[in-house]
Protein chains: 2
Amino acid sequence: MHLVNGKIGFVPPYHHGDLRRALLSSAVDMITEHGPAGVSLRELARRAGVSNAGPMHHFKDKAGLLTALAAEGFTLLAETLTATRERTDSFVELGVAYVRFAVEKRAHFEVMFRPDLHHPDDPALTEARELAGAALAGGVEDVGDRHTGPDRRIAGVAAWSLVHGFATLWNTRNLDPELGDDPEELARRVAAVLFGQRG
Amino acid sequence: MHLVNGKIGFVPPYHHGDLRRALLSSAVDMITEHGPAGVSLRELARRAGVSNAGPMHHFKDKAGLLTALAAEGFTLLAETLTATRERTDSFVELGVAYVRFAVEKRAHFEVMFRPDLHHPDDPALTEARELAGAALAGGVEDVGDRHTGPDRRIAGVAAWSLVHGFATLWNTRNLDPELGDDPEELARRVAAVLFGQRG
DNA sequence: CCTCCAAACTTGTCAGTGACAAGATTGCGT
DNA sequence: ACGCAATCTTGTCACTGACAAGTTTGGAGG
């Protein structure tokens, strides 16, 4: 039996060490388990071994938490996309990379495109989003050269819509199970429909 | 001053008349205002002028409510799509109809593709979903005739992904505002990228 | 016309939640 | 050694979804 601060028993240190990271990481777990709505600040605090309102100092809101997660997600996506572009200049592969990200980092992905869950004008989020947008748009330009002027932008929207729609439908299990269980391989074939033999 | 049932004052009728419809309709309003998470059974009851647990008799759950709404949505979508196919055999127009539905019936659309909000094996929902799926797949076949065998299915997935992704990105305001404010016209141009001059 | 039953609603209650205010504790710079 | 700012705690509020048990109603069958 210990005497600590005049009280009996174990008294945890007042400071957690790296609460912020711990919270973000636990939030990812909770989202993959129960979706973004299933994130509870209290449960989060519980998992981190911290009191109810502990998290609120790092993210003043629940929306603050999810905003931070979305920003992290856009940063990761940007890294993935630029890495892919350095490896190959095939748009299909860029699309596959987008889908792979959506599937592997599903928790992040689910939060990234839901502005209703964000603090919309958070600077970190905006910056990260623009970074990712640039990485994607740049890759599409490489392949859009059969289109001119405004058509190039439209082609970009089409490409984005295609991979985003596919990723969404896959993640929400809305695609026919007969199509197989390998999202990457399927994504490759689907993306090829848009860009054909051009790559 | 009235004497009703031995009590003084106004006593509302015990039976609402058409609570179920009123609830579904109010739910649509609440979703368009605050998203699916912003639906509260109590607020719903309040708007219908009914007690807290009133709704629970019609939809035993919150999930039950949203399931019914999703089923209604799939039915509406199926009607829209088949009506479009009778009007024209252009796939682009079918895609535009899909997008128009997603934008006009946004509340329904947001709920339809989120199985985490449903009672997954509800028969009414399953049936309605299959109906809509058939209407969409049938339309894609009309245009997929340059592909053979399994490729036709892949083309269908690509088409669905494209319009679904576009609708999602549009609704979540993730598309560049410079692209204009007319989703239908934009959707037409985007869909044309996939199916070119073929229609 | 009566009776009774199932459907439609109410009342009361419970645990869990997000948000906030005010206080306690810590470490760091000076 | 001091004090300040960042970090975490405690206590509280209004709100929510879910359920159990009771009340009312319309209508079907006698």
Side-chain angles (χ1 to χ4, degrees), chain A residues 2-7 9-24 26-27 30-31 33-69 111 114 116-119, chain B residues 2-24 26-27 29-31 33-69 111 114 116-119:
Chain A
H2 282 288
L3 270 180
V4 186
N5 291 353
K7 297 185 181 164
F10 171 73
V11 174
Y14 213 89
H15 287 276
H16 175 280
D18 200 354
L19 225 202
R20 192 187 152 90
R21 278 240 74 77
L23 291 173
L24 284 175
S26 293
M30 295 180 66
I31 293 178
E33 289 167 23
H34 307 111
V39 177
S40 135
L41 294 183
R42 286 159 126 93
E43 170 73 14
L44 221 52
R46 228 167 285 140
R47 295 197 187 189
V50 118
S51 78
N52 283 344
M56 285 190 24
H57 200 266
H58 293 273
F59 319 95
K60 90 175 181 198
D61 258 340
K62 185 177 188 172
L65 206 209
L66 297 179
T67 302
L69 249 168
V111 162
R114 305 224 4 223
D116 53 309
L117 302 178
H118 300 159
H119 285 153
Chain B
H2 282 288
L3 270 181
V4 186
N5 291 353
K7 297 190 179 161
I8 297 176
F10 171 73
V11 175
Y14 214 90
H15 287 276
H16 176 280
D18 200 356
L19 225 201
R20 192 188 152 92
R21 277 240 74 76
L23 292 172
L24 283 175
S26 293
D29 295 347
M30 296 180 66
I31 293 178
E33 289 168 22
H34 307 110
V39 177
S40 135
L41 294 184
R42 283 158 127 94
E43 170 73 12
L44 221 52
R46 228 167 284 138
R47 295 197 188 191
V50 117
S51 79
N52 283 343
M56 283 190 26
H57 201 268
H58 292 275
F59 319 96
K60 89 173 184 199
D61 257 340
K62 184 177 190 174
L65 206 208
L66 298 179
T67 302
L69 213 64
V111 162
R114 303 219 11 217
D116 53 310
L117 302 178
H118 301 159
H119 285 154

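So you know, we letter chains A, B, ... as the sequences are listed, proteins then strands, and number each from 1. The structure presented is a predicted model; accordingly, all values stated were derived computationally and were not measured.
Note: NE2 (A:His34) to P (C:dG16) measures 14 Å, nearest angstrom. In this structure, CG of B:Leu19 is placed 16 Å from C1' of D:dG26, rounded to the nearest angstrom. Distance NE2 (A:His57) to P (C:dA22): 15 Å, rounded to an integer number of Å. Between the C1' atom of C:dT26 and the CG atom of A:Asp18 lies a distance of 17 Å, rounded to the nearest Å. Distance, A:Met30 CE to C:dG16 C1': 12 Å, rounded to whole Å. D:dT16 atom P lies 14 Å from atom CG of B:Leu65, rounded to whole Å. B:Phe59 has its CZ atom 11 Å from the P atom of C:dC9, to the nearest Å.
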Pairs of donor and acceptor atoms involving the side chains of residues 61-69 of chain A, under 3.5 Å and at least two apart or interchain, shall be tabulated with distances.
residue: A:Asp61; atom: OD2; partner: A:His119; partner atom: NE2; Å: 2.7
residue: A:Lys62; atom: NZ; partner: A:Val39; partner atom: O; Å: 2.7
residue: A:Thr67; atom: OG1; partner: A:Ala63; partner atom: O; Å: 2.6
residue: A:Thr67; atom: OG1; partner: A:His119; partner atom: N; Å: 2.9

Using atom types as modelled, flag every donor-acceptor pair under 3.5 Å from a side chain in residues 45-57 of chain B to any protein atom, sequence neighbours excluded.
residue: B:Arg46; atom: NH1; partner: B:Glu43; partner atom: OE1; Å: 2.7
residue: B:Arg47; atom: NE; partner: B:Glu43; partner atom: OE2; Å: 3.2

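Summarising the geometry, atom NE2 belonging to A:His34 is positioned 11.0 Å from atom OG belonging to A:Ser40; distances are rounded to the nearest 0.5 Å.
In this model, the phosphate group of C:dC9 is approached by a side-chain N or O of B:His58 to a distance below 4.0 Å at OP1 or OP2.
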Under the 3.5 Å Watson-Crick or G-U criterion, the dot-bracket string of DNA chain C, with | for inter-strand pairs: ||||||||||||||||||||||||||||||
Which is it for A:Phe59 and A:Leu24 under the side chain to side chain contact (heavy atoms under 4.5 Å, CB included) test, yes or no, and what are the steps along the way? CA-CA 10 Å; A:Phe59 319 95; A:Leu24 284 175; 4.0 Å; yes
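Looking at residues two or more places apart in sequence or on another chain, you find a salt bridge (Lys or Arg N to Asp or Glu O under 4.0 Å) between B:Asp116 and B:Arg114.
A pairwise comparison of heavy atoms in A:Leu117 and A:Pro36 identifies CD1-CB, 3.9 Å as the closest pair.
Residues from residues 38-47 of chain A placing a heavy atom under 4.0 Å of any atom in DNA chain C, listed by number, are A:Val39, A:Ser40, A:Leu41, A:Arg42, A:Arg46.
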For nucleotides 19-21 of chain D, give me every protein contact, N/O to N/O, under 3.5 Å, one pair per line with atom names.
none

